[in-house]
Amino acid sequence: LEEGEMGDGAMAATVATKLKSAFETETCTVDDLSDGCGGKIDILLVSDKFEGMGLLDRQRAVHAALEEELKTIHAITMKCKTVKQWEAMQAK
(Lines give C-alpha, C1' and ligand atoms only; values in the text may rest on other atoms or scores of the structure.)
Protein backbone atom coordinates (compact mmCIF):
# COMPACT_ATOMS: atom_id res chain seq x y z
CA LEU A 1 0.00 0.00 0.00
CA GLU A 2 1.08 3.53 -0.69
CA GLU A 3 1.42 6.03 2.13
CA GLY A 4 -2.04 7.13 3.29
CA GLU A 5 -3.85 4.14 1.72
CA MET A 6 -5.97 1.81 3.80
CA GLY A 7 -6.44 -1.82 2.88
CA ASP A 8 -8.76 -4.65 3.90
CA GLY A 9 -11.92 -2.54 3.81
CA ALA A 10 -10.57 0.05 6.25
CA MET A 11 -11.24 2.89 3.80
CA ALA A 12 -14.87 1.81 3.34
CA ALA A 13 -15.33 1.66 7.13
CA THR A 14 -13.72 5.09 7.60
CA VAL A 15 -15.87 6.62 4.84
CA ALA A 16 -19.06 5.08 6.25
CA THR A 17 -18.32 6.37 9.76
CA LYS A 18 -17.59 9.86 8.48
CA LEU A 19 -20.72 10.01 6.28
CA LYS A 20 -23.01 8.67 9.00
CA SER A 21 -21.80 11.41 11.30
CA ALA A 22 -21.87 14.24 8.73
CA PHE A 23 -25.29 13.42 7.25
CA GLU A 24 -27.18 11.76 10.13
CA THR A 25 -28.03 9.02 7.68
CA GLU A 26 -31.07 6.82 7.45
CA THR A 27 -29.07 4.41 5.29
CA CYS A 28 -25.36 4.42 4.50
CA THR A 29 -23.55 1.66 2.65
CA VAL A 30 -19.99 1.92 1.41
CA ASP A 31 -18.59 -0.88 -0.71
CA ASP A 32 -14.91 -1.25 -1.54
CA LEU A 33 -14.78 -2.21 -5.22
CA SER A 34 -10.98 -2.10 -5.42
CA ASP A 35 -10.00 -5.59 -4.27
CA GLY A 36 -9.21 -4.21 -0.82
CA CYS A 37 -6.94 -1.22 -1.45
CA GLY A 38 -9.72 1.30 -0.81
CA GLY A 39 -9.07 3.26 -3.99
CA LYS A 40 -12.46 2.59 -5.58
CA ILE A 41 -15.68 2.87 -3.57
CA ASP A 42 -19.42 2.85 -4.13
CA ILE A 43 -21.66 4.84 -1.76
CA LEU A 44 -25.38 4.74 -1.09
CA LEU A 45 -26.37 7.57 1.22
CA VAL A 46 -29.92 8.31 2.38
CA SER A 47 -30.42 11.42 4.49
CA ASP A 48 -32.99 14.12 5.14
CA LYS A 49 -30.10 16.59 4.92
CA PHE A 50 -30.36 16.22 1.12
CA GLU A 51 -33.90 17.66 1.15
CA GLY A 52 -34.01 20.71 -1.15
CA MET A 53 -30.54 20.02 -2.60
CA GLY A 54 -29.93 19.20 -6.24
CA LEU A 55 -27.87 16.18 -7.26
CA LEU A 56 -24.68 18.16 -7.84
CA ASP A 57 -24.97 19.92 -4.48
CA ARG A 58 -25.46 16.55 -2.75
CA GLN A 59 -22.33 15.16 -4.39
CA ARG A 60 -20.37 18.30 -3.52
CA ALA A 61 -21.43 17.93 0.12
CA VAL A 62 -20.21 14.31 0.15
CA HIS A 63 -16.92 15.34 -1.45
CA ALA A 64 -16.48 18.08 1.17
CA ALA A 65 -17.12 15.60 4.00
CA LEU A 66 -14.53 13.22 2.53
CA GLU A 67 -11.88 15.79 1.64
CA GLU A 68 -9.00 13.88 3.29
CA GLU A 69 -10.10 10.44 2.07
CA LEU A 70 -10.45 11.64 -1.52
CA LYS A 71 -6.70 12.23 -1.62
CA THR A 72 -6.24 8.44 -1.94
CA ILE A 73 -9.55 7.37 -3.52
CA HIS A 74 -9.23 7.36 -7.30
CA ALA A 75 -12.79 6.33 -8.20
CA ILE A 76 -16.04 7.00 -6.38
CA THR A 77 -19.64 6.39 -7.35
CA MET A 78 -22.50 7.56 -5.21
CA LYS A 79 -26.24 7.58 -4.91
CA CYS A 80 -27.46 10.38 -2.65
CA LYS A 81 -31.17 10.19 -1.86
CA THR A 82 -33.60 11.82 0.52
CA VAL A 83 -35.54 9.50 2.81
CA LYS A 84 -38.70 10.13 0.72
CA GLN A 85 -36.86 9.29 -2.52
CA TRP A 86 -35.42 6.12 -0.98
CA GLU A 87 -38.80 4.97 0.35
CA ALA A 88 -40.37 5.54 -3.07
CA MET A 89 -37.62 3.49 -4.71
CA GLN A 90 -38.09 0.66 -2.21
CA ALA A 91 -41.86 0.61 -2.81
CA LYS A 92 -41.40 -0.18 -6.52
Side-chain angles (χ1 to χ4, degrees):
L1 294 178
E2 296 295 321
E3 183 179 337
E5 287 185 357
M6 295 185 231
D8 297 325
M11 178 61 80
T14 299
V15 168
T17 299
K18 212 162 188 183
L19 293 176
K20 287 175 185 176
S21 174
F23 293 97
E24 299 168 12
T25 59
E26 178 83 14
T27 300
C28 178
T29 60
V30 180
D31 295 314
D32 183 346
L33 305 177
S34 63
D35 297 325
C37 77
K40 183 177 179 183
I41 60 171
D42 179 59
I43 297 170
L44 168 63
L45 194 56
V46 180
S47 173
D48 279 330
K49 289 198 172 196
F50 293 137
E51 202 68 53
M53 294 174 77
L55 179 61
L56 190 55
D57 287 333
R58 294 174 189 189
Q59 292 180 348
R60 285 180 177 147
V62 171
H63 279 262
L66 300 177
E67 185 176 356
E68 280 302 309
E69 291 75 15
L70 289 174
K71 291 177 181 176
T72 57
I73 295 171
H74 61 79
I76 183 171
T77 57
M78 65 181 92
K79 295 178 192 77
C80 303
K81 305 290 182 188
T82 65
V83 174
K84 287 180 185 176
Q85 288 173 323
W86 181 245
E87 288 171 351
M89 286 176 65
Q90 298 303 300
K92 290 183 180 179

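Because only heavy atoms are used, hydrogens play no part in the values below, and waters and symmetry mates are left out as well, while side chains stay in.
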Query raised in the report: Tell me, do K18 and L66 make a side-chain contact under 4.5 Å, heavy atoms counted?
Result: yes
Requested in this report: Applying side-chain contact (heavy atoms from CB on, under 4.5 Å), name anything that partners A22, two or more places apart in sequence or on another chain.
Outcome: A65
Requested in this report: Determine yes or no for a side-chain-to-main-chain donor-acceptor pair under 3.5 angstrom, with E51 supplying the side chain and D48 the backbone.
Outcome: no
Requested in this report: Measure the spacing between CD of Q85 and OG of S47 and express it to the nearest 0.5 Å.
Outcome: 11.0 Å
Report summary line: residues 56-67 vs salt bridge (charged side-chain N to carboxylate O under 4.0 Å, His left out), sequence neighbours excluded, gives D57-R60
Requested in this report: Evaluate the criterion side chain to side chain contact (heavy atoms under 4.5 Å, CB included) for residue pair T72 and M11; output intermediate values, then yes/no.
Outcome: CA-CA 9 Å; T72 57; M11 178 61 80; 3.1 Å; yes
Requested in this report: Please check if the side chain of S21 supplies one atom and the backbone of T17 the other of a donor-acceptor pair under 3.5 Å.
Outcome: no
**Report entry** Heavy-atom check, side chain of D42 versus side chain of M78, under 4.5 Å
**Finding:** no
Report task. Work out which heavy atom in L19 is nearest to a heavy atom in C28; give both atom names and the distance. Result -> CB-SG, 4.0 Å
Report summary line: Between the CG atom in L55 and the NZ atom in K79, the distance rounded to the nearest 0.5 Å is 12.0 Å
Query raised in the report: Nearest 0.5 Å, what's the OG1-CG distance between T29 and L45?
Result: 8.5 Å
**Report entry** Pairwise side-chain contact, F50 with V62, heavy-atom cut-off 4.5 Å (strictly under)
**Finding:** yes
**Report entry** Minimum-distance pair of heavy atoms, taken over all atoms of K71 and E68
**Finding:** NZ-OE2, 2.8 Å
Query - Reported CE-to-OG1 distance for the pair M53 and T82, which is rounded to 0.5 angstrom - result: 11.5 Å
Query raised in the report: Taking the side chain as C-beta and beyond, is there a heavy-atom pair between E69 and T14 under 4.5 Å?
Result: yes
Query raised in the report: Side chains of I76 and H63: does their closest heavy-atom pair fall under 4.5 Å?
Result: yes
Query raised in the report: So which residues get pulled into W86's cluster when ILVMFWY side chains under 4.5 Å apart are joined, directly or through others?
Result: L44, V46, V83, M89
Query raised in the report: With a 4.5 Å heavy-atom cut-off, do I43 and D31 have their side chains touching?
Result: no
